[in-house]
Amino acid sequence: MESLGMYPTWYVPYIGSGWVMGITGTIHILASHTSIGASFLFALLETKAYRENKPWLLDYIRRYGVFLLVFSYIWGSVTGPGIWYSTTVASPRGISGLIHNFVWVWATEWVFFVTEVIGVYALVYTIGKVDPKTHLKLTWLFAVASLETLLLIIGILSFMMWPGGERWYRTGSVLDAFYNLNIFAQMTMRAAFMCVAAAIVGSIVVAGVQDRAQRSEIARFIAKMGFFGLVALVPLFYWYVQTLPPTAKIILAARLPAYTPQLLIGMLLLIGLYLAWLAWKPSWLPAPVASVMTVLLLLFGLWPEERARESLRKPYVAGQYIYGNQVISRDVPGKGIKAEVRAIQEYGLLALHPFVPADLKEITPRNRLEAGRMIAAIACANCHSLEKTGLLRPLPAKFGGTTDPRVVRAFLDGPLYTGAIPYMPDIPLSEKEREALAYFIAHASERPASLSAVEAKPTGSQ
Amino acid sequence: MHTSSHADLASMLNVLRDPAGIPAPPAIFQWLMVLTWAMHILFVNLVLGGATLAIASFYRRADPLWGRLSRAMTQVTKIALSLAIVLGVAPLLFTQVIYDPMWYASNVLSAAWVMGFIYALGLGYTCWFIFSFRNKEGASSGELVWAVAAVLLFALNGFVMHVLSVQSILPAKWLEWYAPQGVPDMSGLKVHAFSFPRFAFFFAAAVAGTGIFLLAYADYFRTRNDFPPSYRELCRRIGWQWARWGFLGQAVFALVWFAGIEKAGAHPFLWVVVITLLGSLAFLWRRSAPAAAGKGYLFQGLFVVYTLIVGIAREEIRLGALLPLGYDPMTYKVNLDLASTLLFFTTFLGVGGLALGFLLAMLWQAGRVEGSYVAGKTVARLSNAALAIVLIWISIFFAVGISVWIRNFR
Ligand code: HEM
């Protein structure tokens, strides 16, 4: 019997490792989308400045550029590796699967990153130093290179959702994985969002332009860009939904918070009104208002979007072949990948996991609680908090707070064992493992609030 | 207590490999990893050393030359940090292609530190930016708070990087670290391995690297009247000093580090590192700063080569630890994917060559003139080529993409 290639588990009490990823991801998305949107804003504005001979526009670009260096580039370039690192520690096999499929795509993106980082410094610090024509070309180069980073990452992100058909599983070819069903819809939707983000963040800088006529001209320009994005966003979102896997559509229809549609429509209207105001009354725009808009966008636009995207992918983390709990769900003949679910059914999860201590490989009445905790951490914790009051779909609550192991058992033996629930993995644990897990979950429900009590006395294993 | 037998460990390490295999022969990834890591660490040197020098010279800013040096190093550190980060991405990618078992196990075992690394990096970066906005003529000593906070955070980053690297090559200890006495600890709150001489080596390298950089810096600005000889001589003098002490530190720490490595004598590049260090020391101590005038670029170039050698030596150490345990990156399963391999190499050469070539050539030339700069013929041509290549790139991207998409989904 071979073991499975599973790693140790990192478990964050209450919030779950998923939230750590979510927070890092949300910051990154705002920063990166803003900077790509802004790069095109710069290119367009600078073209205008060049054609209409309005050098003061360059002054705005420089100020927005410095602002972006701090706002987007610092936190964008830090949270970029940040998402990666957080995925690494929360879902090592998920990121590994992506890396091993797409390493060259990522490496290609990296070439553009390097161009972008050197480009942004060159752009900001050579305004007024190099001749206008060279600078204009530099700005366009920067914009196109920024866009190319986006084009490349979207293929990977959309593959995370699903390849969209059977072909990739047969061929294993990167082209089939990359140009998946979802890619173009997601790409255009994000491009539209970028225009919106760049306009809103750009309005913070507009508020600092002193000359009224100049301020109006810039404000109208960016408001137009924002509107363009906002209007495009609606049909693109519908297209995007059409390209999602069937399970995602079920989740979208039934499993997102009930207020989601209202929230989305509300955000669209609010942003629309804000942009309209920006275009009509740019003379009255205090910087704090613009900053508040940015924060609103972050909290009510991006955070729910990130959480939703994470949910929509369930039960998989990548390519509909790796489950959230790191188990490989199906064969991928094109790559020689074998499903692992049957092996778990046959030998048991603990027995196959290379990082399970020897004492827990064999479940006994004495180590039952500890074994149950270990199983929950490995098989469930990627998607569920283990504490009663946890934030991420807390397991005890999902079982209605029952303290009767038999009730839990019924679920573990039934839908979970057969994989009957579309948004949850197929988890066919062995008889003893189901018993231990049920015992642990019932026990966790009994405890007042925290699991620390469970953690504090793992006596069974010595 | 349970210790894995040798065969168990070897089979575990190999089972942990990604079943998807890799899209090109492992040696390619290994070389790219070593090469890009060397680039990464060159800029890390400038971050750690440059920041320290900015602070040290800030104390003497009553002397305008020192004040100027402090401000200059503040900017250098800022830009070096951006580059260190972006250049770190590549080895991060390549290491987890062929050493995924080591990288992931090591990261998960200290997961909280890994996340701390990210936020410490963001905070340090922000603090340094604040310092860079405030380190102007007549700045008050209070501003140093930002700089010192930033340097401490950068040092913490270096510490985490180091711990992850060392943990990753000690697989025999992972299980005991994860579940001491059989009780799993999933908090990721602990660090488990630390090698002082190895850690200190990189700080000494930062001192040396910054010193060498100053020698080149002093030469670069010789065409500009607003960089008077007195300032450039100061840079050269400090550069020489820092190079001396930095190389001395590296030599001492390298010897202690290597002495603790099993069969160190069998690794040729460890010898090359030691011999290079001793040779450099002899040279630096027999000559003095003025000898560097006009040779700054040469020294800088040699230092780049030397850093690459350190990278190779570091890889030898990793292999020396893993091969005896039964893990050989060269036996990784290859699922050749020509299309994406081609994508990378054409982009690397085409875009990397032309777009980066344009940016660097322009910056290089612009930096050397006082006042405004008008692009010459070569730079103008490069700029057109750069724009052309990124646009052609996009057209190919969509042409291929749409045809694949239509074939697969229509
Ligand atoms: C201020 C920030 C940073 C500092 C001071 C720093 C420092 C270091 C040091 C000292 C090492 C060598 C450790 C050893 O061999 O003992 C190292 C290796 C490395 N660094 Fe960084 N680093 C920083 C940021 C980053 C970032 C942001 C990334 C990724 C995006 C990164 C990626 C890497 C990688 C991949 C390695 C090699 C790991 C291996 O060989 O397996 N570093 N770094």
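Just so you know, these numbers come straight off a predicted model, no measurement behind them. Sequence lines set the chain letters: A, B, ... in the order given, protein chains first and strands last, and positions in each chain run from 1.
Looking at Tyr121(A), the atoms closer than 4.5 Å to chain B (heavy atoms on both sides) all sit in the side chain, from C-beta outward. Both the backbone and the side chain of Ile394(B) come within contact range of chain A, judged by heavy atoms closer than 4.5 Å. For a residue to count as touching a neighbouring chain, one of its non-hydrogen atoms must lie under 4.5 Å from one of that chain's; by this rule Ile130(B) does not touch chain A. For Ala122(A), the parts lying under 4.5 angstrom from a heavy atom of chain B are both the backbone and the side chain. For Leu92(B), the parts lying under 4.5 angstrom from a heavy atom of chain A are both the backbone and the side chain. Using a 4.5 Å cut-off between heavy atoms, Leu349(B) makes no contact with chain A at all. Contact annotation for Phe409(B): only side-chain heavy atoms (C-beta onward) come within less than 4.5 Å of a heavy atom of chain A. Neither the backbone nor the side chain of Trp168(A) comes within contact range of chain B; no heavy atoms are under 4.5 Å apart. For Leu109(B), the part sitting under 4.5 Å from any heavy atom of chain A is the side chain, from C-beta outward, and nothing else. Residue contact with chain B, scored on non-hydrogen atoms closer than 4.5 Å, involves the side chain of Val66(A) exclusively.
Using modelled atom types, no side-chain atom of Trp104(A) and backbone atom of Leu343(B) make a donor-acceptor pair closer than 3.5 Å. With hydrogens and angles disregarded, no donor-acceptor distance shorter than 3.5 Å links the side chain of Asn107(B) to the backbone of Val89(A). Put simply, the side chain of Trp110(A) gets close to the backbone of Val86(B): a donor and an acceptor are under 3.5 Å apart. Formation of a donor-acceptor pair under 3.5 Å by the Asp359(A) side chain with backbone atoms of Gly182(B) is not found in this model. A donor-acceptor pair is defined here as one N or O able to donate and one able to accept, closer than 3.5 Å; no such pair exists between the side chain of Asn408(B) and the backbone of Gly165(A). Although no hydrogens or angles enter the test, the distance criterion places no donor-acceptor pair under 3.5 Å between the side chain of Lys137(A) and the main chain of Asn384(B). Although no hydrogens or angles enter the test, the distance criterion places no donor-acceptor pair under 3.5 Å between the side chain of Lys129(A) and the main chain of Glu370(B). A donor-acceptor pair is defined here as one N or O able to donate and one able to accept, closer than 3.5 Å; such a pair exists between the side chain of Tyr178(B) and the backbone of Thr9(A).
A salt bridge between Asp176(A) and Arg407(B) is present, with a side-chain N of the basic residue lying under 4.0 Å from a carboxylate O of the acidic one.
Taking 4.5 Å as the limit, every side-chain heavy atom of Ser82(B) sits out of range of all side-chain heavy atoms of Tyr73(A). At least one side-chain heavy atom of Val89(B) sits under 4.5 Å from a side-chain heavy atom of Pro81(A). Val103(A) is not listed as a side-chain neighbour of Phe344(B), based on a closest heavy-atom distance of 4.5 Å or more. Inter-residue side-chain proximity for Glu370(A) and Pro184(B) is flagged as met; some heavy-atom pair is nearer than 4.5 Å. Under the 4.5 Å side-chain criterion, counting only non-hydrogen atoms from C-beta, Phe348(B) is not in contact with Thr108(A).
Using cut-offs of 30° and 60° for the angle between ring planes, the Tyr332(B) and His100(A) rings count as parallel.
Of the listed residues Ile74(A), Val174(A), Val111(A), Val78(A), the one with more heavy-atom pairs under 4.5 angstrom with chain B than any other is Ile74(A).
For Trp113(B), the CH2 atom counts as loosely surrounded, since its 6.0 Å shell holds 12 or fewer non-hydrogen atoms of other residues, nucleotides or ligands.
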Given the rule in the ring pair (Phe, Tyr, Trp, His ring centres under 6.0 Å) test, do Tyr7(A) and Trp174(B) qualify, once you have shown the distances and angles that lead to the verdict? CA-CA 10 Å; Tyr7(A) 288 95; Trp174(B) 292 344; 8.1 Å; no

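Aromatic ring centres of Tyr179(A) and Phe397(B) lie closer together than 6.0 Å.
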